[in-house]
Enquirer: 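The structure is given below, and queries will be raised subsequently.
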Amino acid sequence: MDKTFEPQSIEKQCYQEWETAGLFKPSGEGTPYSILLPPPNVTGSLHMGHAFQHTIMDALTRYHRMKGDNTLWQVGTDHAGIATQMVVERQLNAEGKTRHDLGREDFVKKIWEWKEESGGTITQQMRRLGTSGDWDREVFTMDENLSKAVTEVFVKLHEEGLIYRGKRLVNWDPVLLTAVSDLEVLNEEENGHMWHIRYPLEESGDSIIVATTRPETMLGDTAVAVHPDDERYQHLIGKNIKLPLTNRLIPIIADDYVDPEFGTGCVKITPAHDFNDYEMGKRHNLPMINVLTEDARINDEAPERYRGMDRFDARKQVVSDLEDLDLLLKVEPHKLKVPRGDRSGSVIEPYLTDQWYVAVESLAKPAIEAVEAGEIRFVPENWNKTYYQWMHNIQDWCISRQLWWGHRVPAWYDDQGNIYVARTEAEAREKHKLADDLVLHQDNDVLDTWFSSALWPFATLGWPEKTPELATYLPTSVLVTGFDIIFFWVARMIMMTKKFTGQIPFKEIYITGLIRDENGDKMSKSKGNVIDPIDVIDGIDGDALVAKRTRGMMQPQLAEKVAKRTRKQYPDGFNAYGTDALRFTFAAMASTSRDINFDMGRVEGYRNFCNKIWNASRFVLMNTENEDCGLNGGKMELSLADRWVWAKFQQVVQEFETAIADYRFDIAAQVAYEFTWNQFCDWYLELTKAILNNPDSSDAQKRGSRHTLINVLENLLRLMHPFMPFITEAIWQRVAPLCKSLPDNVSIMVQSFPAVEQDRIDAQALEDIEWVKRFILGIRNIRGEMDISPNKPLDALLRNASNEDIRKLKATRPFIDKLAKLQKIDNLMQGEKGPASATALIGEMEVLIPMAGLIDKDAELARLQKAIEKMQKDVDRTEGKLANAKFVSNAPEAVIEKERTKLAQAKMQLVKLREQHQTIAEL
RNA sequence: GCGUCUAUAGCUCAGUUGGUUAGAGCGCUACCUUGACAUGGUAGAGGUCCCCUGUUCGAGUCAGGGUAGACGCACCA
């Protein structure tokens with residue numbers, strides 16, 4: 001083995017072997033366990049959020065596979081309608097063309113080509129991460145089977161009246177030229193203005209003042225509303241206004257919706273361009289005048305001078321014209337929420353169009369109940385509040401998109417505008433008994449990407465066919481995802497799966513935190529703080545990192561800042577930390593918090609941990625390969641250290657399993673780390689040296705220690721495999737044959753997970769080794785503080801040693817001699833004072849290191865003084881507690897007893913320390 | 001407006017049903033090339049647990065109120 005761990009040398013080959021051997025497939029035996037991969041965008045690439053979630057899913061998958069479950073990780077990718085179409089459109093634009101130049105058919109063909117070309121990127125990157133999904137079952141949302149499911153669901157919902165088509169106000173993206181759902185609109189507060197405009201009445205010279213943030217929409221006003229009880233305007237209700245600029249007559253109406261306190265108490269009503277006005281328009285049967293084109297220019301409904309103007313230019317023109325007419329009273333600055341499309345960033349217009357909707361109310365009810373009844377459990381639990389809040393206020397879902405890339409709406413129209421919904425055109429004709437020569441054309445719209453994603457739990461398992469997979473793996477075990485898509489995806493999967501299978505899609509939903517940069521900022525191209533997980537694995541030099549971060553920026557003016565920041569923070573780029581270090585980092589950071597700040601320092605720490613495992617294994621192999629480890633029989637004697645490490649390991653297995661069951665991957669990682677480094681390496685390996693390197697050890701003792709060394713390591717590798725698949729596999733291949741005879745080409749990933757072995761739990765061994773540790777630490781502390789070389793052999797004297805201490809000492813003598821580097825230990829007689837010494841307290845026993853020629857008097861006094869002060873504080877605090885009558889009368893007896901014991905101990909130790917201080921001071 | 005979350009060491013974070021001296025990693029200080037590992041070892045330093053009030057024998061933990069910040073939903077033109 002190399003002296004340091006080189007991840008590059010093992011990862012790729014290892015993965016290929018797993019995949020070729022078909023180890024990612026379900027075993028077909030055992031309790032079903034399944035996870036759905038939230039399908040990433042097929043043409044995307046892996047970001048930190050994916051890497052994090054995929055690590056968690058893979059750890060769970062590997063863990064359950066090793067536990068013997070029939071484990072399926074169902075993988076696949078999403079066609080991501082708008083996002084993908086935009087990418088390809090941008091490529092066309094770069095060639096000076098638009099999608100309309102190609103036409104629908106050729107454009108869609110082009111997207112398929114792009115998908116073939118770049119569609120493999122993310123799944124290849126997932127492989128680099130070691131993910132063990134069943135690639136043979138990989139699906140794409142536009143695959144034939146999935147498309148069939150989409151059509152089936154659409155038709156069935158339509159038959160039940162749960163999908164309908166209607167002309168309504170929708171969120172319209174005037175850049176992408178499509179409707180979007182409420183969820184795809186982000187409302188950001190921005191600085192705007194409030195314009196106060198005078199609307200003259202038709203007859204009297206009277207007028208009314210309205211306040212608006214969107215003066216250009218007045219071209220589509222069809223009323224002005226006041227509150228019915230507003231005394232100021234009572235006399236005007238029912239009168240007409242002569243709308244400036246258009247000279248249309250519009251009524252003054254009364255409606256409760258108007259807040260008399262706000263603005264002037266008069267609201268201009270534009271039903272075709274505002275959601276609230278739309279509702280009011282319906283209540284009062286107002287005409288709806290759409291004054292905008294689909295790309296948000298003024299249309300022919302408006303006076304000629306505005307036609308063709310962009311909405312924002314029109315706004316300026318309208319304001320200026322009103323000013324000329326002396327109808328603009330004032331303009332004040334005003335903060336308002338501006339709706340923007342989450343993809344395009346453009347300002348969304350409420351726009352009157354025909355769209356397809358899902359009536360969600362009846363679907364939402366069972367979906368709410370499933371969570372309320374505890375059939376589906378959110379982890380952490382408080383996310384169910386977020387879920388309920390949205391589900392209780394859910395609005396009908398606009399599912400049609402005016403795009404070309406996606407599942408086309410299965411509806412056909414004749415020239416009269418009749419609509420026929422069916423699985424195919426042929427079915428439509430048959431179902432509605434249409435004449436063969438009747439010309440039909442299919443609906444041009446495609447479905448919202450999330451419509452097909454909503455079917456993911458059952459469509460990927462073969463629905464609408466009744467497949468064995470569907471029967472076995474639904475409901476799936478757990479969904480691992482981010483809180484950002486609870487509404488987009490999670491809620492809709494629950495609704496659809498309930499509706500079409502009668503089952504819940506998953507039993508648990510583990511909501512992960514969001515990965516941010518080390519300052520808690522969201523990673524984004526414009527901030528220049530994006531970290532590519534592959535770069536953490538493979539490393540990247542400083543120049544390449546800067547180039548990567550500044551390439552293709554939307555705002556090139558930020559490039560310099562980004563470059564500067566990057567050079568400052570990562571002057572040499574990233575080291576190649578390897579997949580296992582990155583994965584372990586993710587596991588260790590997966591606590592319950594909702595934001596996770598990614599810190600490269602931790603990756604480095606866990607890379608070092610990998611190296612530690614590597615070198616510990618190197619040590620173990622050096623002492624076991626070509627040695628007798630008891631594999632072929634032979635007498636074995638387990639040392640106290642051997643029994644201790646086994647006992648300790650049982651605790652680790654127990655804690656690890658509990659942590660995984662609670663989705664506390666941070667705790668599981670911590671447990672594994674602590675045992676490996678602080679127990680196995682720091683103590684056990686050192687303790688073994690006292691046996692293996694001791695000429696007095698018997699063959700049986702050596703055999704016992706070698707056997708323990710190799711077998712504990714083998715168990716430990718299996719324990720850590722779900723988090724660190726590559727390094728554990730690489731080492732295990734060398735370790736396992738020393739533990740048991742195995743067929744060729746076996747992998748650690750299909751071995752069983754370590755189980756707690758009751759007969760290895762050994763309280764006495766645990767206690768004895770803890771005593772040894774205290775003894776050794778006591779001596780080391782004296783050495784450290786007294787500046788005595790760790791190499792210098794010392795003599796020690798024991799004072800006040802109990803029979804139990806003597807027993808322990810006898811049992812552990814070789815360990816203590818070796819690790820504390822003692823050459824002689826004598827026991828002082830009762831009452832014997834002993835020479836001037838530095839002392840360590842092990843319970844009631846004192847260990848004396850004679851000072852002659854070794855120890856600096858002042859240094860020892862200072863060391864003792866420090867210990868005395870600490871102990872005194874302890875005594876004071878405990879005494880205070882016990883002196884409190886209320887404490888003694890109210891606290892549980894066990895707690896009081898504990899305090900009493902503690903106080904007695906501390907007082908005794910304090911006395912000893914003072915005596916010692918006195919003795920040294922008198923020298 | 002409604003709702004959710006966060007505040008603990010210089011930094012990034014754990015801290016379970018309230019109960020020993022509040023922990024880890026990184027960073028820091030001193031010493032150490034000891035045959036697994038300097039990506040290492042040994043010994044240390046470092047905390048007003050955001051603030052106030054309360055409940056309690058006892059509060060980092062529970063309650064109320066504040067301060068600072070993050071997020072979601074709905075919004076007044």
Enquirer: What is the nucleic acid contact for R664(A), judged by heavy atoms within less than 4.0 Å: base, sugar-phosphate only, or nothing?
Expert: sugar-phosphate
Enquirer: What does rA38(B) pair with, Watson-Crick or G-U, if both distances are under 3.5 Å?
Expert: none
Enquirer: So what does W677(A) touch, heavy atoms closer than 4.0 Å: a base, only the sugar-phosphate, or nothing?
Expert: sugar-phosphate
Enquirer: For atom C1', what is the distance between rC50(B) and rG69(B), given to the nearest Å?
Expert: 11 Å
Enquirer: Quick one: pull up NZ in K870(A) and CD in Q909(A) and give me the separation to the nearest 0.5 Å.
Expert: 11.5 Å
Enquirer: Hey, which of E184(A), E190(A), E189(A), E188(A) is the one that makes salt bridge (charged side-chain N to carboxylate O under 4.0 Å, His left out) with R340(A)?
Expert: E190(A)
Enquirer: In this structure, which one of Y510(A), F586(A), F52(A) forms a ring-ring contact (aromatic ring centres under 6.0 Å, His included) with F665(A)?
Expert: Y510(A)
Enquirer: By nearest atom, which of the nucleotides rG19(B), rA36(B), rU21(B) is closest to the K689(A) side chain?
Expert: rA36(B)
Enquirer: Looking across every strand, which nucleic acid part, if any, lies under 4.0 Å from I486(A) by heavy atom: base, sugar-phosphate, or nothing?
Expert: nothing
Enquirer: Could you tell me whether the phosphate oxygens of rC13(B), OP1 or OP2, come under 4.0 Å of any side-chain nitrogen or oxygen in N597(A)?
Expert: yes
Enquirer: With a non-hydrogen cut-off below 4.0 angstrom, is R783(A) in contact with a base, only sugar-phosphate, or nothing?
Expert: nothing
Enquirer: Scan residues 263-275 of chain A against RNA chain B and write down, sorted by residue number, each residue with any heavy atom closer than 4.0 Å; if none is found, say none.
Expert: V267(A)
Enquirer: For the side chain of F619(A), starting at C-beta, report the closest nucleotide among rG40(B), rA36(B), rU42(B).
Expert: rA36(B)
Enquirer: Need the pair for rA77(B). Rule: Watson-Crick or G-U wobble, both distances under 3.5 Å, any strand; none if unpaired.
Expert: none
Enquirer: Which ones in residues 885-892 of chain A lie close to RNA chain B, meaning a heavy atom under 4.0 Å from one of its atoms?
Expert: K886(A), F887(A), N890(A), A891(A), P892(A)
Enquirer: Looking at rA36(B), rA43(B), rA24(B), which one has an atom nearest to any side-chain atom of Q670(A)?
Expert: rA24(B)
Enquirer: Can you identify which nucleotide, out of rA14(B), rA36(B), rU39(B), has its nearest atom closest to the N611(A) side chain?
Expert: rU39(B)
Enquirer: Is atom CD of Q395(A) surrounded by more than 12 heavy atoms (other residues, nucleotides or ligands) closer than 6.0 Å?
Expert: no
Enquirer: Between rU17(B) and rU21(B), how many Å separate the two C1' atoms, rounded to a whole number?
Expert: 22 Å
Enquirer: Give none if rU17(B) has no partner; otherwise give the nucleotide forming a Watson-Crick or G-U wobble pair with it, both distances under 3.5 Å.
Expert: none
Enquirer: Give me the distance, rounded to whole Å, that separates rG15(B) from rU61(B) when you measure between the C1' atoms they each carry.
Expert: 9 Å
Enquirer: So what does L777(A) hit on the nucleic acid, given a heavy-atom distance under 4.0 Å: a base, only sugar-phosphate, or nothing?
Expert: sugar-phosphate
Enquirer: First locate atom CD1 of I710(A), then atom CG of N623(A), and finally report the distance between them rounded to the nearest 0.5 Å.
Expert: 9.5 Å
Enquirer: Mark yes or no: K689(A) above the aromatic ring of F619(A), with NZ or CZ under 6.0 Å from the six-membered ring centre and no more than 45 degrees from the axis.
Expert: yes
Enquirer: Scan F5(A) against the nucleic acid and name what it touches under 4.0 Å (heavy atoms): base, sugar-phosphate only, or nothing.
Expert: nothing
Enquirer: If I compare all heavy atoms of F815(A) with all of I776(A), which pair ends up nearest, and what's the gap?
Expert: O-CD1, 4.2 Å
Enquirer: Between V620(A) and R780(A), who's closer to the 5' end of RNA chain B by nearest nucleotide?
Expert: V620(A)
Enquirer: rG10(B) pairs with which nucleotide, Watson-Crick or G-U wobble, both distances below 3.5 Å?
Expert: rC26(B)
Enquirer: Please tell me whether Y606(A) and Y673(A) form a close aromatic pair, meaning their ring centres lie under 6.0 Å apart.
Expert: yes
Enquirer: To the side chain of K3(A), which of rU20(B), rC71(B), rC37(B) is closest?
Expert: rC37(B)
Enquirer: With a 4.0 Å limit, can you tell me whether R618(A) has a side-chain N or O closer than that to the phosphate oxygens OP1/OP2 of rU39(B)?
Expert: no
Enquirer: Under 4.0 angstrom, heavy atoms only, what part of the nucleic acid is E686(A) near: base, sugar-phosphate, or nothing?
Expert: base
Enquirer: Do N393(A) and Q389(A) get their side chains close enough for a donor-acceptor pair, meaning under 3.5 Å?
Expert: no
Enquirer: So, do F378(A) and W383(A) have ring centers that fall under 6.0 Å from each other?
Expert: no
Enquirer: What's F487(A) touching, base or sugar-phosphate or nothing? Going by heavy atoms closer than 4.0 Å.
Expert: sugar-phosphate
Enquirer: Using a 4.0 Å heavy-atom cut-off across all strands, classify S789(A) as base, sugar-phosphate, or nothing.
Expert: nothing
Enquirer: With no hydrogens and no angle check, is any side-chain donor or acceptor of N615(A) less than 3.5 Å from a backbone partner on K3(A)?
Expert: yes
Enquirer: Given rG41(B), is OP1 or OP2 found less than 4.0 Å from the side-chain N or O atoms of K612(A)?
Expert: yes
Enquirer: Do Y199(A) and M218(A) come close enough that some side-chain heavy atom pair is under 4.5 Å?
Expert: yes
Enquirer: Of the nucleotides rA36(B), rG25(B), rA77(B), which has the atom closest to the L336(A) side chain?
Expert: rA77(B)
Enquirer: Please give the distance between the P atoms of rU20(B) and rU16(B) as a whole number of Å.
Expert: 12 Å
Enquirer: For the side chain of N781(A), counting heavy atoms from C-beta on, which of rG44(B), rU20(B), rA77(B) is nearest?
Expert: rG44(B)
Enquirer: When you measure from the side chain of H196(A) to the backbone N and O of I209(A), does any donor-acceptor pair fall under 3.5 Å?
Expert: no
Enquirer: In the strands shown, is rA70(B) matched to any nucleotide by a Watson-Crick or G-U wobble pair with both distances under 3.5 Å, and which?
Expert: rU4(B)
Enquirer: Which one, rA77(B), rC37(B), rA70(B), comes nearest to the side chain of H334(A)?
Expert: rA77(B)
Enquirer: Pairing check on rC62(B): which nucleotide meets the Watson-Crick or G-U wobble criteria with it, both distances under 3.5 Å?
Expert: rG54(B)
Enquirer: Name the closest nucleotide to the K902(A) side chain, picking from rU12(B), rG41(B), rU20(B).
Expert: rU20(B)
Enquirer: From C-beta outward on D259(A), which listed nucleotide comes closest to its side chain: rA77(B), rU42(B), rA36(B)?
Expert: rA77(B)
Enquirer: Using atom names, set out every protein N or O paired with an N or O of nucleotides 1-5 of chain B below 3.5 Å, distance rounded to 0.1 Å.
Expert:
unit_1	atom_1	unit_2	atom_2	d
rU4(B)	O2'	R594(A)	NH2	2.9
rC5(B)	O4'	R594(A)	NH2	3.4

